[in-house]
Chemist: 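Mind looking over this structure? Questions follow.
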Amino acid sequence: MSKLIYILNGPNLNLLGKRQPEIYGHDTLADIERDCARVGEEFGLDVRLLQSNHEGQIIDWIHEAREQAGGIVINPGAFTHTSIAILDALNTFEGPVFEVHISQVHKREAFRHHSYVSHRSDGVMVGFGVEGYALAMRRMGSLLGK
Ligand code: DQA
């Protein structure tokens, strides 16, 4: 079992820290990467954090994860609510998949209430801010770590 965890981020999450901070907070992807790496160290897991605004790129990384990674943490951004293709890709991955949403999507617009990705996710962190990523990593550690 690979000790590498892919942490995949979808569209607009490159702007984390600058984008609607009242919803998404002030932390950046670099802060998330640092926090996840710290949790990973506790459990003997490595992390690779990636972000793309392009659906196909995220699918390619999921395919890469099939070869390289033991688990996937994914915040697909708005693709959560639209992408059967990302769901199909995740369905080809055998390890644990945890879905993260920084905001509490169920308190927001109705179009954010449905997640295609949740049809595959083994767990979902919703509304815990950026801490949701580290919490998902902790669970990854319990499942795959030392
Ligand atoms: C999000 C919620 C999505 O509805 C939104 O499109 C995002 C971010 C979140 O982390 O809360 O881009 O996934």
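As the structure lists them, so they are numbered: ligands from 1, and atoms in each ligand from 1. Heavy atoms only: backbone and side chains are in, while hydrogens, waters and symmetry mates are out.
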Chemist: Closest approach of Phe98 and Arg139, non-hydrogen atoms and distance?
Modeler: CZ-CG, 3.3 Å

Chemist: Which atom names give the shortest non-hydrogen contact between Gly10 and Ile58, and what distance separates them?
Modeler: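 Taking every non-hydrogen atom into account, CA-CD1, 3.6 Å.
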
Chemist: Determine whether the side chains of Glu99 and Thr80 contain a donor N or O and an acceptor N or O closer than 3.5 Å.
Modeler: no

Chemist: Quick one: do the Gln57 and Ser52 side chains pair a donor with an acceptor below 3.5 Å?
Modeler: no

Chemist: Ligand 1: which protein N/O atoms lie under 3.5 Å from its N/O atoms?
Modeler:
from     : atom 1 : to     : atom 2 : distance (Å)
ligand 1 : 4 (O)  : His81  : NE2    : 2.7
ligand 1 : 4 (O)  : Arg112 : NH1    : 2.9
ligand 1 : 6 (O)  : Ala78  : N      : 3.2
ligand 1 : 6 (O)  : Arg112 : NH1    : 3.1
ligand 1 : 10 (O) : Asn75  : ND2    : 2.9
ligand 1 : 10 (O) : Ile102 : N      : 2.8
ligand 1 : 11 (O) : Ile102 : N      : 3.2
ligand 1 : 11 (O) : Ser103 : N      : 2.9
ligand 1 : 11 (O) : Ser103 : OG     : 2.6
ligand 1 : 12 (O) : Arg19  : NH1    : 3.3
ligand 1 : 12 (O) : Arg19  : NH2    : 3.1
ligand 1 : 13 (O) : Asn75  : OD1    : 2.8
ligand 1 : 13 (O) : His101 : ND1    : 2.9

Chemist: Roughly how far apart are Asn14 CG and Asn9 CG, rounded to 0.5 Å?
Modeler: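 Going from the CG atom of Asn14 to the CG atom of Asn9 covers 9.5 Å.
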
Chemist: If every non-hydrogen atom of Pro11 is compared with every non-hydrogen atom of Pro76, which pair is closest and at what distance?
Modeler: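 So the two residues come closest at CD-O, 3.5 Å.
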
